[in-house]
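These numbers come from a predicted model, not from an experiment. Here, residue 1 is the first one in the sequence, and each next residue gets the next number.
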Amino acid sequence: MAKPFFRLQKFLRRTQFLLFFLTAAYLMTGSLLLLQRARVALPQGPRASGPLPDLPMAAMALGVGLLDSRALHDPHVSPQLLLGMDMLRNPLARPRTGPRWLRSRNSELRQLRRRWFHHFVSDPQGSPALGPEAPRAAASSRGTYVGCFSEDGQDRTLKGVVFYDLRKMTISHCQEACAEWSYIYAGLEAGAECYCGNRLPATSVGSHECNHECKGEKGVLCGGAGRLSVYRVEELQAGAVNRRTVTSRGCFRLPENVTHTFPDSLIQTNVTVETCSGFCSQKEFPLAILRGWECYCAYPTPQFSLQDAVDSSLCSQEPETQRLGEYCEVYQTPMQDTRCTDRRFLPTKSKVFVALSSFPGAGNTWARHLIEHATGFYTGSYYFDGTLYNKGFKGEKDHWRSRRTICVKTHESGKREIEMFDSAILLIRNPYRSLVAEFNRKCAGHLGYAADRNWKSKEWPDFVNSYASWWSSHVLDWLKYGKRLLVVHYEELRRSLVPTLREMVAFLNVSVSEERLLCVENNKEGSFRRHGGHPHDPEPFTPEMKDLIDGYIRTVDKALREHSGAGLPREYVPR
């Protein structure tokens with residue numbers, strides 16, 4: 001019995017060696033073919049920042065390197081073969097042993113392959129950093145280059161608008177976003193981040209420190225690590241950019257101490273809304289306040305919270321008579337309220353693992369925007385959505401179990417997925433509105449609307465039949481398996497933002513000032529309103545769909561009453 005087994009073992013060992021050498025030959029042949037293609041494409045390359053490596057050796061290293069990670073851990077490969085592989089990678093190498101040497105050699109080989117590969121193959125995301133002599137200046141880009149600045153830390157100067165793009169960030173893309181919000185300066189950092197503001201950072205550094213290539217613009221500098229390439233963008237204001245306009249907030253009673261409440265002012269004859277708004281925008285204030293010939297700039301504060309508007313006729317007097325009046329007109333400038341735009345990861349890992357759970361289409365992204373700006377900490381996600389990352393949700397890229405975020409978005413509703421969390425904010429929205437919102441997202445993304453053909457096709461009734469039951473089961477599962485829950489209704493968050501958000505922040509065990517909450521309210525929409533009109537029928541639900549959804553509403557309403565004594569809002573429950 002032992003002899004046949006020994007023959008079988010010997011045959012398998014020979015077969016393994018044969019497969020190994022065939023694989024090596026195949027990979028080396030592929031490397032040589034890649035090398036031949038590279039030789040043809042070489043004259044078309046945009047640049048070369050240094051001497052090319054020895055191409056035949058680079059090709060051999062690429063081919064052999066693909067084998068070394070498996071071969072080094074294969075007990076059937078002889079030490080002599082491993083030594084031969086290493087001599088092929090580096091003829092001058094001397095035999096050394098030990099795991100530290102293996103790790104260092106593998107690291108060196110990976111660096112060699114990466115350097116060789118980047119010489120001939122275009123990287124869709126760009127190189128992580130380039131030397132100061134390689135990239136060219138952005139001569140073709142609009143706007144005026146100001147210089148390279150240090151902007152490292154939480155108290156940033158350019159913090160009016162922030163967004164990221166790991167694939168398509170360009171100088172023009174950043175400038176147009178800043179121009180839309182009427183900012184003067186656009187700063188690009190680390191090749192993929194864009195920041196806007198009206199004041200330059202205090203610390204200027206050498207241009208060589210801005211050495212990262214734009215992710216979407218090869219050979220052009222877009223800042224560095226903690227360094228901003230800053231451009232002045234006022235030239236774009238006359239272009240085709242859809243600029244945000246001044247909007248009226250209404251008529252309000254002036255506070256008792258005007259000088260203390262309003263940080264800046266402009267007094268001049270015939271002052272207009274445009275003049276006052278332009279003055280306050282330049283100072284980066286979100287509110288422009290007019291009383292006769294007096295223009296004031298301010299933030300919403302507890303003394304001037306814009307909660308109690310009065311009749312607009314009280315502000316419609318002539319400037320001469322209104323000058324001594326006690327009422328003022330308030331306008332929203334295009335500027336963001338920057339008191340709550342700074343965000344960061346938690347300084348230490350959270351001991352309490354918190355979920356922000358909702359059915360899709362229930363406003364989870366909007367709730368994350370509110371929570372991040374209220375607490376100053378990033379939120380995480382069970383998923384990865386590059387679109388949301390580009391919109392400024394930096395925690396989207398972080399691993400969802402890192403515990404570096406204040407809470408984690410999830411749409412999951414299984415017992416195992418729920419019990420992983422210590423507590424959760426359960427966000428519930430009227431299923432009729434949730435289904436429409438999620439259908440729009442599936443067909444047209446986060447900010448678009450589904451086309452009329454989508455609503456009229458079989459796709460819409462199939463969607464309702466499958467997703468309506470999910471809306472019900474999602475809530476029921478979290479009520480059943482959730483360890484500690486705060487139930488928040490989307491409609492109540494819309495109606496009474498500050499009190500509801502204050503409750504959510506307290507649940508997350510974060511202390512927040514009243515000024516910061518008012519700042520969030522002033523920036524409550526963020527960048528997540530859908531654009532354009534509603535191309536579909538405002539009531540796309542058939543009687544059969546309504547009967548189905550109303551049954552689920554009654555079931556959830558009953559479960560909520562049994563859980564906490566309070567059911568769904570009245571507008572949910574069928575009448």
Sub-2.5 Å SG contact, C276 and C295: yes
Pair D477-S473, side-chain donor/acceptor within less than 3.5 Å: no
pair check: C280 + C297, SG-SG < 2.5 Å: yes
Distance (rounded to the nearest 0.5 Å) between E372 CD and T341 OG1: 12.0 Å
Cystine candidate C519-C340, SG separation under 2.5 Å: yes
Sub-2.5 Å SG contact, C174 and C196: no
Polar side chain donor-acceptor pair, S358 to H474, under 3.5 angstrom: no
Whether F463 and W460 hold their rings parallel, tilted or perpendicular, with breakpoints at 30° and 60°: parallel
Quiz item: cation-pi between R404 and F345, 6.0 Å / 45°: yes
Pair Y490-E492, side-chain donor/acceptor within less than 3.5 Å: no
Ring centre gap for H173 and F163 strictly below 6.0 Å: yes
Any side-chain donor near an acceptor of the partner, T247 and Q332, under 3.5 Å: no
